[in-house]
Amino acid sequence: MQISDKQKYDKVIELSRRRGFLWRSFEIYGGTSGFWDYGPLGAALKRKIEEEWRKIYVIGEGFFEIETPTIGIKEVFVASGHVNNFVDVTVECTKCGAEYRADHLIRDATKPLVFEHGEDGTFSHVLETNVEGLDVKELDKIIREDDIKCPSCGGELGECYQSNLMFKTSIGAGEKKVGYLRPETAQGIFVDFPHLLRFYREKLPFGIVQIGKAYRNEISPRQGVIRLREFTLAEAEIFIDYMDDTHPTFERVEGEKVVLYPREDQNDEKEPKEMGIEEALNKKMIENEFLAYNIALAHKFLTKIGIPKEKIRFRQHKEEEMAHYASDCWDAEIETEQFGWIEVIGIADRGDYDLKAHSTASGQDLTLFKSFENPIKTKKKVIKPKMGKIGPVFKEKTPLVLKKLKEGKNEIKDGKISLEIDGEEITIGEEMYSLEEVEEEVYGERIIPHVIEPSYGVDRILYALLEHSYREESLNLETDLNLNDEKEDEKRIVLGFNAFLAPIDVAVLPLLTKEELIKKSRDVVEILKRENLLADYDDSGSIGRRYRRQDEVGTPFCVTIDFETLEDDTVTIRERDTMKQIRVEKKDLPNVLGRLREGEEFLKGP
RNA sequence: GCGCCGAUGGUCUAGCGGCAUGACUAGGGCCUUCCAAGCCCUAGACCCGGGUUCAAAUCCCGGUCGGCGCACCA
């Protein structure tokens, strides 16, 4: 059988395209890599995944959702570091015009530095120039100093320049203002920090989420739906007090077991290990309680939507792979057949990087006043100027003098204070001030919150879910009609989504294409619609064919209308996974379906 | 971005200088009392552009897209 020889990825993508989950974008024009459309069922599935996410973060955690533009002005991304750091350094040959990535060019041009003789008689280089983390000027310098030429024509290379991975655009007519399509939704949140702080009434910790599109102009996106140029992020930014990283509701994730793959174990090539989240925290494997909490939360989310536990692990980023803003980062990875372990969620400790950066760049105060439990009382001596003496002496310079004195950086020498005003040295004599001891109370301090950021790649999660939901079942049908001994097992393709995620909630099918049954079926569809269920009606082909159609798109239940329905107003509900049926009264249908959708065992009966 | 390979109905596929295969799917009808049954009918394709040739899906060149390897991946 041809189909079973194929990779699972191919089967999943084929089904997705055939049944309207995923389509390549711009297909009639040949398509463009890095862009995919969600078809009717794909869009529905994605929405339901996002809805589950909201249940956890918005309702569960109490993080409200905001929506900010997908285009950001240049200032935002200059401050955030994306304009400078989210780049590849490129260099162009002045003669033939070929373009190169400068770091690779240097690495290639300067290697091999050392050869090692392999056992199989081949040579391999073991050292290469370390170009990691060099900036434009440094790379440019190396090219000049080592006199590196164009590898294809030997021509002189031009100056290095940065090519940014953000999509650039202009705002308004005449390209007055430069904008970029956001590479993450987070910056919109940081920029709104003063509003958010007031909204949450100036108390830490608080969180805020955003679900939306983000854009990265990847040089060469591959791997189908895994690497996109336009993709959906579901991000939460959790603002915390770094002095107090006790999570207020840690008990919610107690007992959650996760597979962890810390940095050290990766370096030592050890296996990831499963452990309770409290243990990981106690052993300092995860440094921060908020990080640990959010790792557990991510694990809850992924298992809830139906990713098998054994296919989930959390891998800590190595130092060199972390983003420019992160001080620690754990990725949730899901194992897929096609791509191996893929990153689907990044849980980063962004520290105070972003707020600090935006504060500096905008000149705005992005701090929060944190009260001490007990005000700190200090006694200190302050200088009290005697205005009657100072005024007449310094005249119009008096305000400046007072200002200097207030700054408090005064050294008293032999009772005299020296100040520098407009480059001029002046002396305040003993008679011009008095020293008084005052008691000062400090009620708190201004702090910049730190940020913990769980960032979910919705598209990747959706793909992983499709792959893990896809199954083919062999049905051994004992047909007497099978005269030739060609024993061909019939194949059933099922997307085994949890009922609450399935794009179509329920299908209504007349057993036969008879007018009475069709009419009755239409009535049932109307009843289900009133319950806000997405009900599909289908009377084409045989009943078996219709069940298979629904199985293939993951519809959990089919309601079948037969001749008994006409007599006693009962219908059958057929479950996707077991293919078993129960008969219920038509009037109980919404109630029973509701309970089944909540996960009640199927054959328990009404 | 480099190298290798590929692109034919909605899906999968045969053909590889001379009428474009077949299966599945889909639409309509007949039949049919629960899991892709059967019968009849219908619809539907050579990635784009150039070249070679009497003739190109087929050969050549360029492009686009895809797969794999290298590289990249906040």
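Below, read A as the first sequence line, B as the second, and so on, with proteins coming before strands; counting in each chain starts at 1.
A:Arg546 has no side-chain polar atom (N or O) that falls below the 4.0 Å cut-off from OP1 or OP2 of B:A36. Between A:Ser540 and B:A26 there is no side-chain polar atom (N or O) within less than 4.0 angstrom of OP1 or OP2.
Residues forming a side chain to side chain donor-acceptor pair (under 3.5 Å) with A:Glu237 (at least two apart in sequence, or on another chain): none. For A:Asp459, the side chain to side chain donor-acceptor pair (under 3.5 Å) partners are A:Tyr38, not counting sequence neighbours.
Rounded to an integer number of Å, the gap from A:Ile28 CD1 to B:A45 C1' is 16 Å. Atom pair A:Arg492:CZ and B:A36:P shows a separation of 11 Å (rounding to whole Å applied). Rounded to whole Å, the distance from CD on A:Glu27 to C1' on B:U64 is 13 Å. What separates CD of A:Glu552 from C1' of B:C12 is a distance of 13 Å, to the nearest Å. In this structure, A:Arg576 places its CZ atom 18 Å from P of B:A36, rounding to the nearest Å. To the nearest angstrom, P of B:G9 lies 15 Å from CZ of A:Arg18. With rounding to whole Å, A:Asp539 atom CG is found 18 Å from B:C35 atom P. The interatomic distance linking A:Arg583 (CZ) with B:C34 (C1') rounds to 10 Å, in whole Å.
Counting any heavy atom pair closer than 4.0 Å across all strands shown, A:Thr572 reaches a base atom. Across all strands, A:Arg216 comes closer than 4.0 Å to base atoms (heavy-atom distances). Heavy atoms of A:Gln581 sit under 4.0 angstrom from at least one base atom. Residue A:Tyr325 is classed as a sugar-phosphate contact, given heavy-atom separations below 4.0 Å to backbone atoms only. Base engagement by A:Arg227 is indicated by at least one non-hydrogen atom pair under 4.0 Å involving a base atom. Residue-level contact check: A:Thr560 touches the bases, meaning some heavy atom is under 4.0 Å from a base atom.
Spacing between B:C4 and B:A43 at atom C1', rounded to whole Å, works out to 39 Å. The gap from the P atom of B:C2 to that of B:G63 amounts to 9 Å, rounded to the nearest Å. B:A14 sits 25 Å from B:U53 when the C1' atoms are compared, rounded to a whole Å. B:G62 and B:U52 have their C1' atoms separated by 15 Å, given to the nearest Å. On the C1' atoms, B:G66 is 36 Å away from B:C54, given to the nearest whole Å. One C1' atom belongs to B:C41, the other to B:C31, and the distance between them is 15 Å to the nearest Å. Distance noted for atom C1' between B:G18 and B:C61: 24 Å (whole Å). Remark: the separation of the C1' atoms in B:C34 and B:A26 is 23 Å, to the nearest Å.
The nearest heavy atom of RNA chain B to A:Asp551 and to A:Arg17 marks one nucleotide each, and the one closer to the 5' end goes with A:Arg17. Projected onto RNA chain B by closest heavy-atom contact, A:Phe339 and A:His324 fall at different nucleotides, the more 5' of which corresponds to A:Phe339.
A:Arg574 contributes a side-chain N or O that forms a donor-acceptor pair with the base of B:C35 under 3.5 Å. At a cut-off of 3.5 angstrom, counting only N and O atoms as typed in the model, there is no donor on one side facing an acceptor on the other between the side-chain of A:Tyr29 and the base of B:C48.
Taking each heavy atom of A:Ala186 and A:Arg350 in turn, the nearest pair found is CB-NH1, 3.9 Å.
Judged by a 6.0 Å distance limit and a 45° cone about the ring axis, A:Arg24 is not positioned over the six-membered ring of A:Phe35. Figure legend: cation-pi geometry between A:Arg313 and A:Trp341, with NZ or CZ positioned under 6.0 Å from the six-membered ring centre and within 45° of its axis.
With A:Arg18 contributing its side chain and A:Ile13 its backbone, the two residues share no donor-acceptor pair below 3.5 Å.
A:Lys586 has a carboxylate O that lies under 4.0 Å from a charged side-chain N of A:Asp569, or vice versa, which qualifies the two as a salt bridge. Classification of A:Asp588 and A:Arg583 as a salt-bridged pair fails, no side-chain N sitting under 4.0 Å from a carboxylate O.
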What pairs of nitrogen or oxygen atoms, one from the protein and one from nucleotides 30-33 of chain B, lie under 3.5 Å apart?
| from | atom 1 | to | atom 2 | distance (Å) |
| --- | --- | --- | --- | --- |
| B:U32 | O4 | A:Thr513 | N | 3.4 |
| B:U32 | O4 | A:Thr513 | OG1 | 2.5 |

> Which string of ( ) [ ] | and . matches RNA chain B, if you list each base 5' to 3' and count Watson-Crick or G-U pairs only when both distances are under 3.5 Å?
Replying inline: (((((((..(((.....[...))).(((((.......)))))....(((((..]....))))))))))))....

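Among the nucleotides B:C65, B:A26, B:C34, the one closest to any side-chain atom of A:Arg549 is B:A26.
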In a table with atom names and distances, give each donor-acceptor pair under 3.5 Å that connects a side chain of residues 207-216 of chain A to protein atoms at least two apart or in another chain.
| from | atom 1 | to | atom 2 | distance (Å) |
| --- | --- | --- | --- | --- |
| A:Gln210 | OE1 | A:Thr68 | N | 2.6 |
| A:Gln210 | OE1 | A:Thr68 | OG1 | 3.1 |
| A:Gln210 | OE1 | A:Arg182 | NH1 | 3.3 |
| A:Gln210 | NE2 | A:Thr68 | OG1 | 3.2 |
| A:Gln210 | NE2 | A:Thr185 | O | 3.2 |
| A:Lys213 | NZ | A:Glu230 | OE2 | 2.6 |
| A:Arg216 | NE | A:Pro183 | O | 3.1 |
| A:Arg216 | NH2 | A:Pro183 | O | 3.0 |

Check: residues 71-78 of chain A side-chain donor-acceptor pairs under 3.5 Å, at least two apart:
none

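Residues A:Pro272 and A:Phe314 have side chains not in contact (no heavy-atom distance under 4.5 Å, counting atoms from C-beta outward).
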>> A:Arg492 vs A:Glu472, test: salt bridge (Lys or Arg N to Asp or Glu O under 4.0 Å). Steps then yes/no.
In response: CA-CA 5 Å; A:Arg492 184 170 86 114; A:Glu472 287 175 359; over 6 Å; no

